[in-house]
Every structure is written in C-alpha cells, then in structure tokens.
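Before any comments, here is the structure.
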Amino acid sequence: MIKAVRGFKDLLPEEARVFHWLEARAREILLRYGFSEIRLPVLERTELFARSIGEATDIVEKEMYTFVDRNGESLTLRPEATAGVVRAFIEHGLHTRPKPLKLFTIGPMFRHERPQKGRLRQFHQVDVEVFGAASAGMDAELVALALEILEAGGAGDLRLEVNSLGCPTCRKPYRESLQAFLRARRDRLCEDCRRRAERNPLRALDCKREECQVEYREAPELTAFLCEGCREHHRAFKAYLEEVGLAPVENPRLVRGLDYYTRTIFEIKAPGLGAQDTVAAGGRYDGLVSALGGPETPAVGFAIGMERWFLIARPSESPGLSPELFIAPLGEEARRWAFQLAFRLRKKGLRVETDHEGRSLKALLRQANRLSAQRVLILGEEELRKKQALLKDLSSGRQIPLPFRDLRDLANRILIEIRF
RNA sequence: GUGACCGUAGCUCAGCUGGUCAGAGCACCGGGCUGUGGCCCCGGGGAUCGUGGGUUCGAAUCCCACCGGUCACCCCA
C-alpha cells in the first residue's frame, strides 16, 4: 500500500472542517485589524532562506527540503513564511504603498524534522506581517491580535512571554561578552552548548539541561547591554500591553531560531501541548528588508501554528449541512426523474441528495436517515403512474401525497412545500 | 539525527507460556419487513496478523533487521 510520506498528514473531513473554521476565525479578525491577504508560492530559491533565516541556523543547516531543479538551480520548499513575504514586498515595490502595510498569508510550510506531537514535516501557519511601522505600539498591537485570534478559536490558558534581542549595535558587545563567559566555563557545559558557544552563543541560554542552566545563572543578560533606543522600545512595548490588561512574562532566556529578529520577540505558549508548546511566535525584524536588497524598512510579524492551534481549539458548532430533501427513486424511469429534479432543485438553492444505484426503498430511507435529511420524496413507478409522489417528513414520520402534472410542476410543488 | 514504547479487518481491541489463532464490537452492505428510516434479530463482504529474514516438524505468537506510528531529546509554529 502506498502511504502518505512521513510527517505529511491527511486531513479527513471532520478535521478539515475544524481547520476551515479556524482559518475563518483568523481571517475575520485579521480583516477587522486592517490586514490584506496575499498568496505566495510554496517554492523559493534556496538562497532566499539562507540569507534571511541565517546560514548557521538549524532550519537552514538540516531541516530544509532542498533540491536542484531541472535547470540546475537550487530550490527549497519554504520552511517559514516571512522570507517569501519580504521577497514579494521587495519584488513588487510594495514599499510605495501607504504605510504601514499589513499583510497576512495562510498556507503550508515544510521542515524535515522528526515528527511528534504538534510537529509535522508539512505544517500550516497563519503568518502576519507589518511593514513600515517602527514603534513599539505596533509590536503590542500584533501581540493583542495573535491572542485574539487564538482565543476566537476557543484556546484559553495562554502564556505570553516576551524579550528584547536588541539591535545590531547593542547585540554585538553582548554577544562577545556572552561568548567569553561561555568559553570560560567550557568544560562544564554540555556538548551542544560548547558548539553553540562558537556558532550561536545566544542559543545556549535556551538549553534544556539543568547542569547548563545552573552555570547560566551568572551569565550576562542582554537587558544590561541594551542601548538607549532598544531599552525604551522594550519598555514602551510592555507598557502598551499592560494598559490593555495583557500580562507579559519577561523571559530573558527567550531566543529565536531565526537570525533576522531585532528588538521585540514574543512567544505564546499553551500548557497541554506537550513539548511543542509554542502556538504562536514572532517579533521585529527591522534589518531584514534591506538585507535582502529592499529599502530600509522596519517590520514586525508573527506566525500561528495551525496544527498546534487545532490541538487546543474548542470549535463551536459548525456541523455539515444536512440535505433538505432526499429523493428516493424506484425504477429506471423514476431515477431519470430524480436526476432531473435534483438538478432543478439544486439550482434553486435547495440542498438535495438522491440515488443512482437502484437501491431498495429500505436502503434509500436508511441512507436518507443517516444523512439526516429533513424530508424524503418517494417516487416509484406507482407514483409516476398516478402522478402523485409522496413527501415524507423524517422527524415526524408523516407523509403527504404530492400530486403533480409534470416534472417541472413537481419541482415547483416540492419547492413550495419545503420553502413555505 | 538520538532514545523509549508500540504495529492483528476502515476504527477500537482480543488472541501472543509456539500446535482449529485468524476472532469480537463498531462501521459498511443485505435480509427479516415482495415499496417505508431510526430500535431489534439474522446474514455477508472485508486481514498477505507492518515488511523481510531467521529459529522450529509447525510462528500473529520467539529472535534479528528494516519500515511506520506515538512520545521525548533536539529544534520550533
């Protein structure tokens, strides 16, 4: 049997319905916040991700679906959405649009990781980006937006963690100081942290090992290195949140797996999700647009992981719509009528089901019942001869005769009977 | 990439000290009710027992490898 590729999952009707409902909640709120949807390709040049996410990140080093196209260029299935949005922003000169420019996109992302709860190789994100807004107010607005979307999906019990990564000016001395600190303790750190110390020292602070965390208690904190501008930005960001009653938890250890972030970063976690408890995460990336060749443009964004959101969602009722009428034809001639009736009635906007397989009346009624059809039109040879069909109400069990002159007339009478 | 646990019908599982062991419930289809659903009763279809090796007279049952699933590490949405 050919099975789905590892980490790639089918969404069966019941799940697809919930996903759809979640997306609808997100779109609704995003439009209210003034965002416009853009749709982007799933495939980009590998170089785009290498340059934006960072060469030395796990994503780029070992998690991308990269292949060489027939014409010899290296392409990659997008592991995240921001790079593509920024690429489109630059490519289409969107910087000429009124600022701030608020965009969102929803779709699949691909990362070759070992699947587990809340982590698939093809997963979906609601990705939200704002270009041309430099101040902390927008950062706070996005946090509020993310929380509102998640809650609209029925997610409760969320924890908001924030931190500031500073800007290149203040991060550089911090990085050096941290690196010196790590090197001094080299032999007491785990293997991973020794590696991180050289490649990406910030990441060491996020280590899960108790032994390492003990060492890091004395580690220099970025907060102490923040420049005046970054310090003020972060203060204002938190103040905005507190003013609307959102309580951010300051987490100086919070870092990002993507190198492009500056200043504000935040994560929204949900207990109960297991090890992968981040449902949404984002931050500011003021340097990325220019780094990719666009005009100097401040930007902030975040992404919600659909699958994780799904796990904590409590969808309110959205049952599939049941048929208003089930036509139960008996015999070849009746089936031809049923086909035509269904065709006409559906065009009139009625939800109609019928059967083409020539099943017994008993089977047809069973099917109608299973579909939760409201009524059944029984149309057999006898009814055709007498020009009188039977319309049965499935909940009461009552059935009434429905006399007719011809097919068109029958369709009209059914419509009247059901609509009025 | 590493580790632990798991892998029998579409689903949930029983069988597993090797010898009618290929079963049950649900679901599906049909019959009882020659043209009337939901309940009940009866019947039917559907499984190379994850795959491939090995041990044995004999393996779903024991061993090995691989594949897949789950969770954790890692990483992240």
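Here the two rings, on A/Phe310 and A/Trp21, have centers that are 6.0 Å apart or farther. Residues A/Tyr65 and A/His112 place their aromatic rings such that the two centres sit under 6.0 Å apart.
Relative to the six-membered ring of A/Phe123, A/Arg121 misses at least one condition, a distance below 6.0 Å or an angle of at most 45° to the axis.
Of the candidate nucleotides B/U36, B/U70, B/C73, B/U36 has the atom nearest to the side chain of A/Gln399. For A/Leu365, the side-chain atoms get nearest to B/U36 when compared with the rest of B/C29, B/C76, B/U36. Comparing atom distances between the A/Leu361 side chain and each of B/A77, B/G37, B/G35 picks out B/G35 as nearest.
Contact of A/Arg308 with B/C76 (side chain to base): a donor-acceptor pair of N or O atoms is detected under 3.5 Å. With hydrogens and angles left out, the side chain of A/Arg114 and the base of B/C73 share no donor-acceptor pair within 3.5 Å. Residue A/Gln116 places no side-chain atom within donor-acceptor reach of the base of B/G69, judged by atom type and a 3.5 Å distance cut-off alone. Donor-acceptor pairing under 3.5 Å, judged by distance alone, is present between the side chain of A/Lys392 and the base of B/U36.
For the C1' atom pair drawn from B/C57 and B/G18, the interatomic distance equals 12 Å after rounding to whole Å. A gap of 31 Å separates the C1' atoms of B/C11 and B/U17, to the nearest Å.
Using N1 to N3 plus N6-O4 or O6-N4 for Watson-Crick, or N1-O2 and O6-N3 for G-U wobble, each under 3.5 Å, B/A4 pairs with B/U70. With a cut-off of 3.5 Å on both Watson-Crick or G-U wobble distances, the partner of B/G58 is given as none. The partner of B/G43 is B/C29, judged by Watson-Crick or G-U wobble contacts that both fall below 3.5 Å. Nucleotide B/A24 has B/U12 as its partner under the Watson-Crick or G-U criteria, with both atom distances under 3.5 Å.
A/Glu332 and A/Arg335 are joined by a salt bridge, as a carboxylate oxygen and a charged side-chain nitrogen come within less than 4.0 angstrom of each other.
Distances shorter than 4.0 Å separate none of the side-chain N or O atoms of A/Arg359 from OP1 or OP2 on B/G31.
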